[in-house]
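Following: one structure in structure tokens, then a few remarks.
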Amino acid sequence: QIQLVESGGGLVQPGGSLRLSCTASIGISILDVMGWYRQPPGKERELVATVIWSGATKYADSVKGRFTISKDYNKNAWSLQMNSLKPEDTAVYYCKFQRSSVINWGQGTQVTVSS
């Protein structure tokens, strides 16, 4: 079982920034997909961003230009830099690690954007 440990999150005012990080208990390979998802209150979990070995990224339209996903394979980790945060970004954020058909999730971290 792969363990994912998240850090970051918290309370921030609109327009502020936060950084989330996720560290895997195993080395990351060329076949893996890393990502961040979120679940707003009363809604289903949704894609935020993904990154693969080559560095290619994918973002939800709602976060393009504000969020940046990055990887640090030396540390088996990936991060999500969130800028210009809006109240609608409030959610529990989960990191995701996928190798072939096996998917692992982090424990989730709360991000609240409020004045």
Side-chain angles (χ1 to χ4, degrees):
Q1 181 72 15
I2 300 170
Q3 304 297 319
L4 302 180
V5 178
E6 297 182 25
S7 61
L11 174 65
V12 64
Q13 293 185 343
S17 298
L18 283 174
R19 185 177 181 86
L20 307 180
S21 294
C22 186
T23 302
S25 59
I26 63 170
I28 297 173
S29 78
I30 194 171
L31 300 175
D32 301 331
V33 180
M34 287 67 62
W36 290 94
Y37 285 67
R38 66 186 181 186
Q39 187 164 12
K43 297 183 179 181
E44 295 187 351
R45 195 173 298 188
E46 61 186 20
L47 168 73
V48 177
T50 61
V51 63
I52 60 175
W53 180 269
S54 66
T57 57
K58 176 181 177 180
Y59 294 93
D61 288 344
S62 60
V63 306
K64 284 181 181 177
R66 300 189 298 122
F67 292 11
T68 303
I69 189 170
S70 60
K71 56 180 175 61
D72 185 344
Y73 293 154
N74 290 330
K75 298 181 179 179
N76 302 329
W78 57 103
S79 299
L80 184 69
Q81 178 66 40
M82 305 184 291
N83 298 328
S84 302
L85 282 160
K86 304 175 181 180
E88 51 263 44
D89 294 318
T90 294
V92 179
Y93 284 70
Y94 297 89
C95 64
K96 176 185 175 183
F97 179 85
Q98 182 169 352
R99 176 171 291 177
S100 186
S101 61
V102 180
I103 296 173
N104 292 270
W105 294 96
Q107 77 276 14
T109 186
Q110 178 69 46
V111 172
T112 301
V113 185
S114 175
S115 56

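Given the structure is predicted, the values throughout are model-derived calculations rather than measurements. Counting from 1, the numbers follow the sequence of the chain as shown.
Note that CD of Gln98 is 8.0 Å distant from OG of Ser100, once rounded to the nearest 0.5 Å. Here Leu80 contributes atom CG and Trp36 contributes atom CH2; the two are 6.5 Å apart, rounded to the nearest 0.5 Å. Between the OH atom in Tyr94 and the CH2 atom in Trp105 there is a gap of 9.0 Å [rounded to 0.5 Å].
Applying the salt bridge (Lys or Arg N to Asp or Glu O under 4.0 Å) test to pairs two or more places apart or on separate chains, none has a residue in residues 100-115. Applying the salt bridge (Lys or Arg N to Asp or Glu O under 4.0 Å) test to pairs two or more places apart or on separate chains, those with a residue in residues 96-107 are Asp32-Arg99. Evaluation of the ring pair (Phe, Tyr, Trp, His ring centres under 6.0 Å) test over residues 43-77, restricted to residues two or more places apart or in two chains, returns Trp53-Tyr73. Listed by first then second residue, pairs satisfying salt bridge (Lys or Arg N to Asp or Glu O under 4.0 Å) with a partner in residues 102-115 number zero, not counting sequence neighbours. Sorted by first then second residue, the ring pair (Phe, Tyr, Trp, His ring centres under 6.0 Å) pairs that include residues 9-30, not counting sequence neighbours, number zero.
Residues satisfying the side-chain contact (heavy atoms from CB on, under 4.5 Å) test with Glu44, not counting sequence neighbours, are none. For the salt bridge (Lys or Arg N to Asp or Glu O under 4.0 Å) test, no residue two or more places apart in sequence or in another chain qualifies with Arg45. The side-chain contact (heavy atoms from CB on, under 4.5 Å) test applied to Gln107 returns Glu6, not counting sequence neighbours. Partners of Lys43 according to the salt bridge (Lys or Arg N to Asp or Glu O under 4.0 Å) rule, which considers only residues two or more places apart in sequence or in another chain, do not exist here. With sequence neighbours left out, the side-chain contact (heavy atoms from CB on, under 4.5 Å) criterion links Val51 to Met34, Thr57, Ile69, Lys71.
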Output, in order, the C-alpha distance, side-chain angles, deciding distance and verdict of salt bridge (charged side-chain N to carboxylate O under 4.0 Å, His left out) for Lys86 and Asp89. CA-CA 5 Å; Lys86 304 175 181 180; Asp89 294 318; over 6 Å; no

Begin with the C-alpha distance, continue with both residues' side-chain angles, and end with the deciding distance and a verdict on side chain to side chain donor-acceptor pair (under 3.5 Å) for Gln1 and Asn104. CA-CA 8 Å; Gln1 181 72 15; Asn104 292 270; 3.3 Å; yes

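Using a 3.5 Å distance cut-off with no hydrogens or angles, the side chains of Gln110 and Thr112 do pair a donor with an acceptor.
Counting all heavy atoms, side chain and backbone alike, Ile26 lies closest to Ile2 at CD1-CD1, 3.3 Å. The shortest heavy-atom contact between Trp78 and Asn76 is CZ3-O, 4.1 Å.
Taking the side chain as every heavy atom from C-beta outward, Lys58 and Leu47 approach each other to under 4.5 Å. Annotation: side chain of Pro40 is in contact with side chain of Glu46 (closest heavy-atom distance under 4.5 Å).
Residue Ile52 belongs to a hydrophobic cluster whose other members are Val33, with links defined by side-chain heavy atoms closer than 4.5 Å.
A donor-acceptor contact shorter than 3.5 Å is absent between the side chain of Arg38 and the backbone of Val92. With hydrogens and angles disregarded, a donor-acceptor distance shorter than 3.5 Å links the side chain of Ser29 to the backbone of Leu31.
Note: the hydrophobic cluster containing Met82 does not contain Tyr37 (ILVMFWY, side chain heavy atoms under 4.5 Å, direct or indirect links).
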Could you go through residues 9-24 and list every donor-acceptor pair under 3.5 Å that involves a side-chain atom there, pairing it with any protein atom two or more places apart or in another chain?
residue	atom	partner	partner atom	Å
Ser17	OG	Asn83	OD1	2.9
Arg19	NH1	Gln81	OE1	3.2
Ser21	OG	Ser79	OG	3.1

